Chemist: 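Quick one: this structure, given as C-alpha cells, is what I'll be asking you about.
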There are 2 protein chains.
Amino acid sequence: MTSQPASTRERIVAAASKLFYAEGIGRVSMDAVAEKAGITKRTLYYHFRSKDDLIAAYLNGRDQPNLLLFQRWFDATDGGTAEKTRGMFASLAQSARHPKWKGCGFLRTAAELASMPGHPAMKIGAGHKKKFEQWMRTVFEAAGIEGGALLSRQILLLLDGSFAAALLHRDPTYMEAAGEAAYALIMSASSPLPQILGK
Amino acid sequence: MTSQPASTRERIVAAASKLFYAEGIGRVSMDAVAEKAGITKRTLYYHFRSKDDLIAAYLNGRDQPNLLLFQRWFDATDGGTAEKTRGMFASLAQSARHPKWKGCGFLRTAAELASMPGHPAMKIGAGHKKKFEQWMRTVFEAAGIEGGALLSRQILLLLDGSFAAALLHRDPTYMEAAGEAAYALIMSASSPLPQILGK
DNA sequence: GTCTATAAGCCGATAGAC
DNA sequence: GTCTATCGGCTTATAGAC
C-alpha cells in the first residue's frame, strides 16, 4: 500500500519471486535469494522465519496481480462473454511467447509441494485458483448464462490445462485451442441445444 | 520382455519410480533410491550415469502403462465416443481418490524441470502427451467425428487441467467436471450446430 | 536490523578393492 | 557388478557482535 522506495522485506520478496519463478523453488537456495536482494543471509532470516515462509510470501505477492491481469485481458476484448473469454486465452498465449515465460507459478509450486498437502503455499495456490473460478462464475451469472458454476469450473480446467501443455511442449498454441474450447462451451451454455440434437 | 525375477536395473527403476512419484524428483536423493533398491550407491551409478538419466528412465517406464490405462478406461465404458470419453474421466477421478495419488508424474516432473527445456525427461513427457493426443484423434476420426485434430487437443487440455486442479485442491470432482466438458465438446462436434445457433 | 562466521548435515558423484 | 569409504561443495538455519 505505502509507496516507500522499497523496504528490505519488499526487496527480498521481489528477489525471491524472480528466482523461484525462473528456476523453481527447489532449485533456489536462500544464499541465492540473499545475494539477489543485496543483503546477507542473516538479514534474510530476520525477515522470514524459514524458506517455507518465503515461498508463501512469493505466491501471496502474485495472487492479486495475476487475477487483475486476467480481468484486464477479458475486459480488453470486444464482443460478448464467449468472445471476451476467448480473447483472454489469446492474450495468455501472447504472454507465453515471452522468453522468460515458464508456466504458472502456482501450479508449478503445487507440483513441487505435492507431497506436502498442508503446506501454506498450497493453500495460497488453491485460494488463487478458487478466486479465478469465482470471478468467472460471477461473469457468467451477470451475463444471464445458465450453469455458471459448472461452466466456470470448466474454463478453469482449460486454463490450467493450457498452462501445463504449453509448458511441456513449449507451444503457446495450446492456449489458443483452450480458448476455442472455452468459446464453444460458453456458446453451448448460452443457447441450450434443442432436443433434435439430444442423444 | 524377459520374465526374470527382476534385474538390478529393473529394481532400481522400480524403487526410483515409487520415490520420485511420491515425493518429487528434487526431494529424492540418490542415497534414498539406492537404499530403497537394496543396493549401494556405487552399484546405482554403475547402472545409471547420473540422476538425470534415472529420471528419464522413470518416465520412460511409465509411458506405455499409463497410455494403456487410459485406453482400458475408455474401452470399459458403454455408449458412444462421447460417453466413453466421459467414462475415462470418471475412472481417472476414481484413481485420484487413492491416498497415494499425487497427480500426473509427467506434468509434475515437467514443472520441476521447467528451467531445463532440453532435459531428456521433458522430451519423454512431451512425447507421452503427444501419444495421448494422437490416440484420441484416431478415436474421433474412426468414429467419423469432424475436427478430430482440434477436438483431441481440447480433450488433452481438459485432462491436464484436471490433473492440475485435482492436485492443487485435493478434489477429484474436478476430473468429473472435465469429463462433462469433454462430453459436451464431443457432442457439439458430432452434431454441428445449425445456423440458428450461430452468433 | 544488519553484519561476519559457522554449525551440522545432505547432495551428486567417484576411487579403488574384490 | 557389487562392495566400503569418501570427496568437495552446497543446504537450511543459527551464534554473537555492533
Side-chain angles (χ1 to χ4, degrees), chain A residues 2 4-59 108-109 112-116 118-122, chain B residues 2 4-60 108-109 111-116 118-122:
Chain A
T2 62
Q4 297 289 94
S7 67
T8 301
R9 191 192 154 92
E10 284 166 344
R11 279 190 292 118
I12 292 172
V13 174
S17 199
K18 281 184 190 174
L19 291 172
F20 285 159
Y21 180 73
E23 304 174 33
I25 56 171
R27 306 179 91 86
V28 175
S29 69
M30 292 296 265
D31 291 76
V33 173
E35 186 183 352
K36 182 104 174 173
I39 56 167
T40 63
K41 216 168 13 168
R42 190 65 187 86
T43 302
L44 174 52
Y45 274 98
Y46 174 83
H47 289 279
F48 293 92
R49 194 178 311 168
S50 66
K51 185 177 179 179
D52 286 330
D53 279 11
L54 185 55
I55 294 166
Y58 151 57
L59 289 189
R108 279 177 54 212
T109 302
E112 285 202 56
L113 301 178
S115 62
M116 315 171 72
H119 195 290
M122 288 289 272
Chain B
T2 63
Q4 296 289 95
S7 68
T8 301
R9 189 192 156 91
E10 284 165 344
R11 280 189 292 117
I12 291 171
V13 174
S17 200
K18 281 184 190 174
L19 291 172
F20 285 159
Y21 180 73
E23 303 174 33
I25 57 171
R27 306 180 90 87
V28 175
S29 68
M30 292 297 265
D31 291 76
V33 172
E35 187 183 352
K36 181 104 175 174
I39 55 166
T40 63
K41 212 163 28 160
R42 192 65 188 84
T43 301
L44 173 53
Y45 274 97
Y46 174 82
H47 289 278
F48 293 93
R49 195 179 310 168
S50 66
K51 185 177 181 180
D52 286 330
D53 279 12
L54 185 55
I55 295 166
Y58 150 58
L59 290 189
N60 246 328
R108 279 177 54 213
T109 302
E112 286 202 54
L113 301 178
S115 62
M116 314 171 73
H119 195 291
M122 289 288 272

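Heavy atoms only: backbone and side chains are in, while hydrogens, waters and symmetry mates are out. Just so we're on the same page: letters track the sequence lines, and every chain starts at 1. Please read all numbers here as calculations on a predicted model, not as lab measurements.
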Chemist: Output the rounded distance in Å from CD1 (A/I25) to C1' (D/dT11).
Modeler: 15 Å

Chemist: Please give, in whole Å, the distance from C/dT14 P to B/D31 CG?
Modeler: 14 Å

Chemist: Side-chain N or O of A/T8 versus OP1/OP2 of C/dT2: is the shortest distance under 4.0 Å?
Modeler: yes

Chemist: Grab the NZ-C1' distance between A/K41 and C/dA8 for me, whole Å please.
Modeler: 12 Å

Chemist: Taking only N and O in the side chain of A/Y46, is any of them less than 4.0 Å away from OP1 or OP2 of C/dT2?
Modeler: no

Chemist: In whole Å, I'd like the distance from the CG atom of A/L44 to the P atom of C/dT2.
Modeler: 11 Å

Chemist: For C/dT14, take OP1 and OP2 only and decide whether either is under 4.0 Å from a side-chain N or O of B/Y45.
Modeler: no

Chemist: By nearest nucleotide on DNA chain D, pick out whichever of A/S50 and B/T40 is the more 5' one.
Modeler: B/T40

Chemist: Report which part of the nucleic acid A/V28 touches: base, sugar-phosphate, or nothing (heavy-atom distance under 4.0 Å, all strands).
Modeler: sugar-phosphate

Chemist: Any side-chain to backbone donor/acceptor pair from B/E112 onto B/G26? Under 3.5 Å, distance only.
Modeler: yes

Chemist: Under 4.0 Å, counting only non-hydrogen atoms across every strand here, what does A/S29 touch: a base, just sugar-phosphate, or nothing?
Modeler: sugar-phosphate

Chemist: Could you check how far CZ of B/R49 sits from P of C/dT14, rounded to whole Å?
Modeler: 10 Å

Chemist: Set out, in order, the CA-CA distance, both residues' side-chain angles and the distance that settles side chain to side chain contact (heavy atoms under 4.5 Å, CB included) for B/R9 and B/F48, then state yes or no.
Modeler: CA-CA 9 Å; B/R9 189 192 156 91; B/F48 293 93; 3.6 Å; yes

Chemist: If you look at every heavy atom in A/V33 and A/A16, which pair is closest and at what distance?
Modeler: CG1-CB, 4.1 Å

Chemist: Specify the separation, in whole Å, of atom NE2 of A/H47 and atom P of D/dA13.
Modeler: 16 Å

Chemist: Using only atom types and a distance under 3.5 Å, with no angle test, would you say the side chain of B/R108 pairs donor to acceptor with the backbone of A/A114?
Modeler: no

Chemist: In whole angstrom, give the distance that lies between atom CE of A/M30 and atom P of C/dC10.
Modeler: 19 Å

Chemist: Please confirm whether the backbone N or O of B/F20 pairs with a side-chain atom of B/E23, one donor and one acceptor, at under 3.5 Å?
Modeler: no

Chemist: Rounded to whole angstroms, how far apart are CZ on A/R27 and C1' on C/dC11?
Modeler: 13 Å

